[in-house]
2 protein chains.
Amino acid sequence: MVERIDDTDLTALLKAASDPTRRAILTLLAQQGAMRVTDLARHFEVSLNSVSKHIKTLESAKLVSRRTEWREHLIELNPDRLAHIDTWFKDLQSIWALRLEKLEKLMTKDDAHD
Amino acid sequence: MVERIDDTDLTALLKAASDPTRRAILTLLAQQGAMRVTDLARHFEVSLNSVSKHIKTLESAKLVSRRTEWREHLIELNPDRLAHIDTWFKDLQSIWALRLEKLEKLMTKDDAHD
DNA sequence: GCATTATTCACCCTTATGGTTGAACGAATA
DNA sequence: TATTCGTTCAACCATAAGGGTGAATAATGC
């Protein structure tokens with residue numbers, strides 16, 4: 001069986017990022033900094049409740065964090081968390097590169113029987 | 001409304017990458033190069049059919065491609081497609097960086113009324 | 001033609017997901 | 001205290017998603 005490590009975190013991260021509305025929220029937060037739920041919701045056609053749910057998803061993936069000031073919930077981006085996605089991507093790329101390297105070595109000695 | 005460009009492609013890409021089994025398939029392909037559906041399925045506990053479905057998802061996200069030789073379907077990774085995810089991530093990061101830059105400028109002239 | 005191999009297709013089931021509406025709650029304010 | 005504001009909670013609905021089994025298809029080998 002393939003190494004099914006602790007990738008539940010990465011799964012949550014990618015799942016959260018896979019919804020267009022949620023990505024738009026992340027973009028808004030990146031552009032404007034911390035925003036209230038209501039202000040975020042104003043930018044979308046979906047209901048406030050729907051946006052609230054999306055924020056909860058982003059929150060449990062730790063892509064955003066919430067700072068409750070008085071009755072206002074300030075949502076802000078956790079830019080460092082995005083790097084985790086990048087790490088996965090880079091790991092996969094290096095695995096790929098490594099294989100190509102090995103393959104090349106085999107080619108040079110013309111011993112390439114699979 | 002936020003710029004909801006043509007991100008259906010990115011959505012498919014991230015959705016495809018958000019499943020652990022599919023990510024494991026991608027890792028296997030990166031490690032071993034092109035593999036048959038059956039050989040891929042051997043690495044997982046889920047049924048062959050389930051793996052076949054996952055491959056179809058990866059295929060429609062263009063993360064893998066299929067080369068049918070005789071009755072065998074060789075699945076291989078499309079490493080360039082992974083770069084799209086990285087592009088999204090980098091874009092978001094630069095938006096973030098840009099905002100911080102602007103913010104810093106504002107701070108220097110102490111004119112920061114939101 | 002029949003069996004075998006490799007893979008998909010067609011269903012079915014269960015759970016997750018994204019959306020809605022309406023009630024509830026907590027805090028400020030009149 | 002009643003009202004308004006900001007937000008979540010609780011149902012509910014429709015659809016998608018992941019998983020399974022069994023039949024179908026396609027190609028090879030006897």
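No experiment lies behind these values; they were computed from the predicted model shown. Below, read A as the first sequence line, B as the second, and so on, with proteins coming before strands; counting in each chain starts at 1.
For B/Ser47, a side-chain nitrogen or oxygen approaches OP1 or OP2 of D/dG20 to under 4.0 Å. Note on A/Arg36: every side-chain N or O is 4.0 Å or more away from OP1 and OP2 of D/dC5. Contact between the side-chain N/O atoms of A/Lys56 and the OP1/OP2 oxygens of D/dC9 is found at a separation under 4.0 Å. Residue A/His54 has no polar side-chain atom (N or O) positioned under 4.0 Å from OP1 or OP2 of C/dT17.
Separating the NE2 atom of B/His73 from the C1' atom of C/dC9 is a distance of 13 Å, rounded to the nearest angstrom. For the pair A/Arg67 CZ and D/dG6 P, the computed distance is 17 Å after rounding to whole Å.
Summary of the strand contacts: A/Ser52 and B/Ser18 both lie near DNA chain D, and taking for each the nucleotide with the nearest heavy atom, the more 5' one is attributed to A/Ser52.
Contacts of B/Lys53 with the nucleic acid, taken as non-hydrogen atoms under 4.0 Å apart, include base atoms. Within the nucleic acid shown, B/Asn49 comes within 4.0 Å of at least one base atom, counting heavy atoms only.
Remark: B/Arg23 does not engage B/Asp19 in a salt bridge, criterion side-chain N to carboxylate O under 4.0 Å. A salt bridge between B/Asp86 and B/Arg81 is absent, with no side-chain N of the basic residue lying under 4.0 Å from a carboxylate O of the acidic one.
For the pair B/Arg22 (side chain) and B/Ala16 (backbone), a donor-acceptor distance under 3.5 Å is present.
Closest to the A/Ser50 side chain, of the nucleotides C/dT20, D/dA17, D/dT7, is C/dT20. When distances are taken from the side chain of A/Val46 to each of D/dG6, C/dG19, C/dG18, the shortest belongs to C/dG19. The side chain of A/Glu72 has D/dG6 as its nearest neighbour among D/dG6, C/dG18, D/dC9. You'll find that the side chain of A/Val37 is closest to D/dT7, out of D/dT7, C/dT8, D/dA10.
When side chains are defined from C-beta on, B/Leu74 does not count as touching B/Thr68, because their heavy atoms never get closer than 4.5 Å.
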